[in-house]
**Q** 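Structure below; questions to follow.
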Amino acid sequence: MDSPPAMIPQADPGAGYRAQKAEIDAAVARALDSGWYILGREGEAFEREFAAWLGTARAVGCGNGTDALALILRGLGIGEGATVATVSHTAVATVAAIEMAGAVPLLLDIDPDTYTMDPDELAAVLEDPPPGLPPIRAAIVVHLYGQAADLGPMLGACARSGVALIEDCAQCHGATLGGQKLGTFGQAAAFSLYPTKNLGALGDGGILATDDFELADRIAALRQYGWKERYVSGLVGVNSRLDELQAAILRARLPHLDAGNARRREIAARYDAALAGGPIAPPARREGAEHVFHQYVLRVPDRPAAQARLRDEGVGTGIHYPVPVHLQPAYRGRIPLGPAGCAETERAAREVLSLPMYPELSEAQVERICAALRGLGR
Ligand SMILES: *Cc1c(COP(=O)(O)O)cnc(C)c1O
């Protein structure tokens, strides 16, 4: 009897390491041999190289993507006595960061096609803020799954209201809108470097980017006990540093990021073709936006059936995310929502399904996934 084919995992950070093993191992050895493990040459070089790749004046490394968001808010002086608008269809991290900074999150609904903040909702709450909340001082826009949110109208609405626009770029390293890289549109942008992200460390890491030198300097102090200089805390800070080992690994990986994104787009095009003419539509693309497919996400009315069918064909799937933040046990009933509620968010949480997506998927694996997709719903 034939043994069933090995399961293709939905994410495979080990394959990412193996694909660049020689370069990563050399970087690790270099960092270990240096005898300097926190905030040194590797970290400084990675910050410079990342800022140059992105096209911002400055980049500041930190412990993780959640901290990057919280540090941006703290650096902008946004905390207690402020409300920050964002979405509920995101990693819990986005909302956790707002509360870490001491601000109140206000959760808005999404556009059902691109799963990103509904710009009309944002304009509505900026024009007519919900009663009983502190003033809205910032909006954190999440470019979910690797595709730009509808930034044009949101930048306009934020500018008119004097509200900071912060980009959550944890899933969109390298994606563009109108040819311009995401992470260069708002006051500042936060990137997670978690192992499965498009640019991933082999442990925790985060980096934030901005063109505002003063903000970057303030955050560089905030991430290390508020130190202006060694042992002199000019600000009340935290400890959130990117270590030298991760920085060295990230320096080895950054030059491969654009090729990795291109491979993701190639795989996405193959999935699109396999779905063509069937009952399940491929993910919508925003006009003028280049998607980097952190996730390739389908919408399926009967998700358990689709998941089981794909599992039988050896295709692993994931759900990003099964429970919106406002319905999570720690948040339920105490986080304010926009005036229209979160009906699209709740529907997306019931229907989204993520296929395997990483540059190291082999041709044979992609072909097997496509064969399974051709049978889906038919
Ligand atoms: C991964 C992620 C974060 C958090 O990053 P960590 O590095 O895990 O703290 C924040 N926002 C979004 C949208 C994410 O996907």
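Order of listing sets the numbers, starting from 1, for every ligand and every atom in it.
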**Q** Return a yes/no value for D204: is any of its N or O atoms, backbone included, closer than 3.5 angstrom to an N or O of ligand 1?
**A**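 Checking ligand 1 against D204, no N or O pair falls under 3.5 Å apart.
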**Q** Can you report which non-hydrogen protein atom sits closest to atom 9 (O) of ligand 1, along with the distance?
**A**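 That would be T66 OG1, 2.5 Å.
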**Q** Classify the contact between D168 and ligand 1 as side chain, backbone, both or neither, using a heavy-atom distance cut-off of under 4.0 Å.
**A**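 The answer is the side chain of D168.
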**Q** To check your reading of the model: name the closest protein heavy atom to atom 12 (C) of ligand 1, its residue, and the distance in Å.
**A** A170 CB, 3.3 Å
**Q** For ligand 1, which atoms have a heavy atom of T90 less than 4.0 angstrom away?
**A** 13 (C)
**Q** Please confirm whether the backbone N or O of S354 pairs with a side-chain atom of Q295, one donor and one acceptor, at under 3.5 Å?
**A**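 Between the backbone of S354 and the side chain of Q295 there is no qualifying donor-acceptor contact (under 3.5 Å).
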**Q** Strictly under 4.0 Å, does any heavy atom of Y321 approach an atom of ligand 1?
**A**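 Heavy atoms of Y321 do come under 4.0 Å of ligand 1.
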**Q** Using a strict cut-off of 4.0 Å, indicate which atoms of ligand 1 neighbour a heavy atom of V142.
**A** 13 (C)
**Q** Would you confirm whether the ring centroid of Y145 sits within less than 6.0 angstrom of the ring centroid of F293?
**A**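 For F293 and Y145, the ring centres are not under 6.0 Å apart.
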**Q** Taking 4.0 Å as the limit for heavy-atom contacts, which would you say applies to F191 with ligand 1: side chain only, backbone only, both, or neither?
**A** neither
**Q** I need the minimum non-hydrogen distance between R241 and R223, along with the two atoms involved.
**A**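 Scanning both residues completely, I find the closest heavy atoms to be CG-O, 3.9 Å.
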**Q** Of the listed options (A93, A70, G65, G63), which comes nearest to atom 3 (C) of ligand 1 when hydrogens are ignored and any heavy atom counts?
**A**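 Nearest heavy atom to atom 3 (C) of ligand 1 lies in A93.
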**Q** Does a donor on one side chain sit under 3.5 Å from an acceptor on the other, for Y296 and D272?
**A**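 Side-chain D/A pair, Y296 to D272: present.
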**Q** Distance alone, cut at 3.5 Å: any donor-acceptor contact between the side chains of D258 and N261?
**A**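 No - no donor-acceptor pair under 3.5 Å links their side chains.
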**Q** Do Q10 and L355 have side chains that get closer than 4.5 Å, going by heavy atoms?
**A** no
**Q** Does a salt bridge link E42 with R30, judged by any charged N lying under 4.0 Å from a carboxylate O?
**A** yes
**Q** Considering only non-hydrogen protein atoms, determine which one is nearest to atom 7 (O) of ligand 1 and report residue, atom name and distance to 0.1 Å.
**A** S192 OG, 2.6 Å
**Q** Are side-chain N/O atoms of Y17 and D25 paired as donor and acceptor at under 3.5 Å?
**A** yes
**Q** Considering only non-hydrogen protein atoms, determine which one is nearest to atom 14 (C) of ligand 1 and report residue, atom name and distance to 0.1 Å.
**A**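 It is K197 NZ, 3.0 Å.
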**Q** Thinking salt bridges, do E313 and R368 make one under a 4.0 Å N-O criterion?
**A** no
**Q** Of all the atoms in ligand 1, which lie at a distance below 4.0 Å from a heavy atom belonging to N64?
**A**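 So the answer, numbered in order with elements, is 7 (O), 9 (O).
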**Q** For T94, take its heavy atoms, then give the atoms of ligand 1 lying under 4.0 Å from any of them.
**A** 11 (N)
